[in-house]
Structures are given as C-alpha cells and as structure tokens.
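Protein chains get the first letters and strands the later ones, always in sequence-line order, with residue 1 at the start of each.
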There are 2 protein chains.
Amino acid sequence: MRSGRGARSGRVPDAAVRRLPVYLRVLEDLRQREIDIVSSAELARRTGFSSEQIRKDLTYFGAFGTRGVGYRTETLSIQLREILGLDREVPAALVGAGNLGTALARYNILRHRDVRIVGIFDNDPQKVGTSIEGVPILATDDLEKVVPEQGIRMAVITVPAEAAQEMASRLVQVGVEAILNFSPTQLRVPPGVYVQNIDLSIELRSLAYYVSAGRRQEDMGSTRG
Amino acid sequence: MRSGRGARSGRVPDAAVRRLPVYLRVLEDLRQREIDIVSSAELARRTGFSSEQIRKDLTYFGAFGTRGVGYRTETLSIQLREILGLDREVPAALVGAGNLGTALARYNILRHRDVRIVGIFDNDPQKVGTSIEGVPILATDDLEKVVPEQGIRMAVITVPAEAAQEMASRLVQVGVEAILNFSPTQLRVPPGVYVQNIDLSIELRSLAYYVSAGRRQEDMGSTRG
DNA sequence: AATTGTGAAACACTTCACAGCC
DNA sequence: GGCTGTGAAGTGTTTCACAATT
C-alpha cells in the first residue's frame with residue numbers, strides 16, 4: 001500500500017513531487033559520467049516517464065531548461081536538490097532495528113549523504129548499545145531526547161504493527177513531520193504530518209493480481225501487450 | 001519511486017487494485033477477532049480510505065454487501081482473495097539475498113502462505129547452499145530451470161542496479177509476468193509484463209520534500225493542517 | 001532544427017448525493 | 001433507519017499540440 005497524507009501546499013501535484021527524486025537519480029548518474037546536457041526525451045527514456053510529463057513537472061518549480069538545447073545536468077540536479085530540501089543534510093530517525101530496519105540503515109548510511117539516518121532506536125536490550133555501520137542503536141526511551149537534539153524531522157518506522165502507533169505518536173510529539181511507515185497498520189497522526197506507507201506484504205499481494213489477471217485473460221482467449 | 005506498467009484489462013483502476021490487499025488485511029484481522037459484519041465506514045476508519053472509495057472499489061468486481069447491514073467479513077475476504085488470485089498459493093522467486101532480500105524473505109516466509117517465496121537466487125558462492133528460513137539459496141544459473149519447474153510467475157528483484165536488467169530479462173524469458181523491483185533502475189520489459197518499482201532512496205528523498213515544504217511554509221508565516 | 005514551456009483537451013480517479021434495499 | 005451501490009459532478013493528472021526560444 002502507498003498513500004500520502006498531510007499538509008500540501010496545493011499547487012504542486014503530489015505525483016510530480018514523487019517523481020523528482022527519480023529525475024535526480026538519473027541526473028546524478030549522467031553527471032558522474034560527465035554528460036553535461038540532457039533532453040527531456042532522454043530523461044524519459046531513462047526514467048520511464050513521458051517527456052511531456054517531465055517538462056511539466058519541472059515547470060511547477062520554474063524554467064530550468066534551454067529551448068532547442070535541453071537541461072544542464074549540473075544545474076538541474078542542484079535545483080532539484082534544493083527543491084527537495086536536499087541541499088543540506090537531512091537527519092532522520094530509524095525506529096526498529098529488525099531485519100528490514102537493519103537493511104534500510106545499511107543501505108542508506110552507505111549510499112547517501114543527503115538523507116542521513118543519525119539515530120536508530122530499538123527496544124531489544126540485546127541490540128541497544130550495538131551499532132549499524134557506525135550509527136549506535138539507542139533505547140526507544142532516548143527518542144524524546146535525541147530527536148529534538150539532532151533536529152530530526154523525518155522518521156522511518158519498521159517496528160511491528162502493535163508498536164507502530166505508539167512510536168509514531170511519540171515521534172510526532174517531539175517534532176517529526178514526515179514518516180515512512182513500513183508497519184502493516186494505519187497510523188493516526190495530526191494534520192500537517194505526512195505519512196507514506198509501504199507495506200511489503202501488500203505489494204506482493206497486489207502483484208499477484210497482475211499475474212492472475214494475465215491468466216484470466218489467457219483463459220478468455222484475449223491477447224495481451 | 002513507484003509506477004506500474006504492463007497489461008491492464010482497462011476497466012479496473014490500478015489504484016483500486018492496489019487498495020484491495022489493504023481491505024483484505026483489515027478483514028482478516030476482523031475475522032480473527034470474530035467480527036462477522038463490517039460497514040464501509042468502519043473499513044474506512046481502519047484503512048484511512050474513504051467509505052465511498054471502498055464501496056466503489058468493491059463494485060468494480062461485484063456487489064458483495066447487504067444494504068442496511070454491511071459486508072460479511074468472511075465472505076468479503078474470500079472474494080478478495082479470489083479477485084487477487086490468492087485463493088491458491090502463488091509461488092514467487094526472490095533474486096538477490098543481500099540485506100534487503102534476506103529481510104523480505106524472512107518476513108514473507110514466516111508470515112504468509114499465499115504469496116510464497118519458493119526460490120531464492122544469488123550469485124555469491126558463500127551464500128549459495130545456505131538457506132533462509134528453510135528456503136535454499138540457489139545460484140542464479142539455476143533460475144532457468146527452477147522458475148518453470150515451480151510454476152513461478154512473479155519475482156522480487158533486490159540485486160544491485162547493474163545486475164537488475166539482466167535478471168529481469170532472464171526471469172521474463174522463463175515466464176515471469178510481474179516483478180517487484182527494489183533496484184534503483186528502470187527495467188525494460190516486454191509489453192504484458194507488470195513492473196512495480198520501490199526505490200527506498202527515492203522514498204526517503206521525496207519524504208524530505210514534505211519536511212522542507214513545511215519549513216518553507218512556516219517561513220512564509222502560513223498555517224498548516 | 002531542435003527542444004523547452006504551456007494552455008487546452010483528454011483521461012483517471014475521487015467525492016457527492018441519493019436511490020434502492022434490508 | 002441504516003448502509004450499500006452508483007450515476008453524476010468534481011478534482012487531479014497526463015497527454016496533446018504548438019508557440020516560443022535558442
């Protein structure tokens with residue numbers, strides 16, 4: 001499942017915001033390969049979105065390209081970083097250091113310097129005091145101290161469903177405004193707090209629809225593609 | 001990032017299909033607690049979607065409720081399983097047994113009996129021959145044999161970006177029709193194959209927009225909520 | 001000649017409002 | 001009276017088509 005909710009400025013489609021990091025990923029890759037200019041058509045090829053959509057998405061924030069030429073990869077990636085708020089390091093909390101949480105922490109800490117997991121919280125006394133890639137695992141009791149101290153505004157929740165609501169409430173209490181929720185439960189948060197849900201079971205189950213839909217269509221003798 | 005693509009029957013909104021497993025999760029929970037009847041309003045409360053949306057989503061597939069009463073949790077959950085193709089066990093492959101793949105495999109194997117990871121593939125010789133929760137890790141070379149043998153039609157890809165396209169192509173070659181892609185790359189697949197992308201870096205980065213958007217609005221003196 | 005930026009049209013999805021049924 | 005099912009209205013998003021610019 002996936003659904004966002006919370007304060008929205010109104011003008012910029014949510015769907016567009018969610019595509020920006022995809023453009024950024026491609027732009028960074030191009031930059032690294034010293035490709036200075038890219039067209040919306042080329043970005044389309046590399047992202048899977050249409051070139052019109054890419055151009056329109058970008059114009060919600062300004063005019064970044066040069067007609068007849070394209071976009072400078074350096075300029076555009078800097079602009080996108082700024083729009084996303086990634087022009088400075090964004091500290092984040094991870095709550096739940098199970099398999100999934102650990103995988104996320106490793107992945108994030110090693111790869112990126114923009115959104116940075118600076119606090120990992122878990123209730124398991126066996127885990128508290130250990131660390132993941134140099135970031136110490138703290139007791140959840142420390143959350144109220146560490147989150148404000150580190151200026152943390154976003155959090156990733158990977159605790160079991162039963163514990164998720166309490167953690168969310170406590171995080172919001174101390175200033176968290178955006179939550180990436182991997183627990184299979186609907187979090188209740190005050191207005192103004194943005195929640196993005198990713199439930200892996202639900203992803204797998206909805207995928208099943210498309211394989212069985214394929215089967216059904218075959219049974220009916222229709223063609224696909 | 002998230003985007004589906006591939007064969008669609010046309011009539012049923014993608015967005016609706018993606019909500020069905022959420023309804024199913026709640027229905028299963030209610031059933032377990034021996035609650036026999038539920039209204040769309042109550043489902044709305046528990047899922048975060050509106051009651052009208054829930055009713056409309058369900059009517060794409062038929063009329064499952066009783067006016068003035070509600071929906072029988074047992075009947076509806078059985079119907080939803082059938083619609084999703086979960087009325088029989090759905091075998092799936094997992095390609096990539098790194099941190100994320102291992103977390104997913106554990107989670108899935110322990111919790112669910114509907115979509116079932118029956119084959120785990122990895123190239124690391126240190127991992128091949130070991131197992132995760134009883135499911136053996138095989139060499140990717142075995143993929144062409146095992147996928148058809150086990151009737152696998154869906155796969156989860158958690159390999160690095162460089163290897164993802166090759167794995168996807170090989171999976172499709174031997175009959176995979178739906179892919180859950182965690183690698184940060186755009187997979188090229190033939191028409192009729194459904195790809196759902198989840199890129200965790202991109203989720204974190206788009207989340208950053210909402211915390212910094214909040215900051216920007218505050219700076220402008222507007223209220224939120 | 002090429003490619004962006006953008007109103008307008010088309011399409012998709014959600015919400016409204018109420019008829020229909022228990 | 002209460003709740004589902006559903007056309008119609010409303011909103012959001014994507015695509016079209018072309019003028020503007022280099």
For Glu89(A), does the CD atom sit with more than 12 other heavy atoms under 6.0 Å from it, leaving out its own atoms?
yes
So, do Phe121(A) and Leu171(A) sit near enough that their side-chain heavy atoms are less than 4.5 Å apart?
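Side chain of Phe121(A) against side chain of Leu171(A), heavy atoms only: no contact under 4.5 Å found.
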For residues Val115(A) and Leu207(B), determine if any side-chain heavy atom of one lies less than 4.5 Å from a side-chain heavy atom of the other.
no
Nearest-angstrom distance from the residue atom [atom1] of [X] to [atom2] of [N]:
X        : N       : atom1 : atom2 : answer
Phe49(A) : dT14(D) : CZ    : C1'   : 12 Å
Leu76(A) : dT3(C)  : CG    : P     : 16 Å
Gln53(A) : dT13(D) : CD    : C1'   : 8 Å
Arg19(A) : dT13(D) : CZ    : P     : 9 Å
Tyr23(B) : dT4(D)  : OH    : C1'   : 14 Å
Lys56(B) : dA17(C) : NZ    : P     : 14 Å
Arg18(A) : dT14(D) : CZ    : C1'   : 17 Å
Glu42(A) : dT4(C)  : CD    : P     : 11 Å

Result of checking Val95(B), Asn99(B), Leu104(B) against Thr158(B) for side-chain contact (heavy atoms from CB on, under 4.5 Å):
Leu104(B)
Position toward the 5' end of DNA chain D (nearest nucleotide), Arg67(A) or Asp57(A):
Asp57(A)
Of Glu52(A) and Thr66(A), the one whose closest DNA chain D nucleotide lies more 5'
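Looking at the nearest nucleotide for each, Glu52(A) comes out on the 5' side.
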Between [X] and [N], is there a contact of a side-chain N or O with OP1 or OP2 at under 4.0 Å?
X        : N       : value
Ser50(B) : dT15(C) : yes
Arg72(A) : dT3(C)  : no
Tyr71(B) : dG2(D)  : no

Does NZ or CZ of Arg19(A) lie under 6.0 Å from the centre of the six-membered ring of Tyr23(A), at an angle within 45° of the ring axis?
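No, Arg19(A) and Tyr23(A) do not form such a contact.
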Is Ser40(A) touching bases, backbone alone, or none of the nucleic acid, heavy atoms closer than 4.0 Å?
sugar-phosphate
Among dG5(D), dT14(D), dT4(C), which nucleotide sits nearest the side chain of Tyr60(A)?
dT14(D)
If you go through the side-chain atoms of Arg55(A), does one of them form a donor-acceptor pair with the base of dG5(C) closer than 3.5 Å?
yes
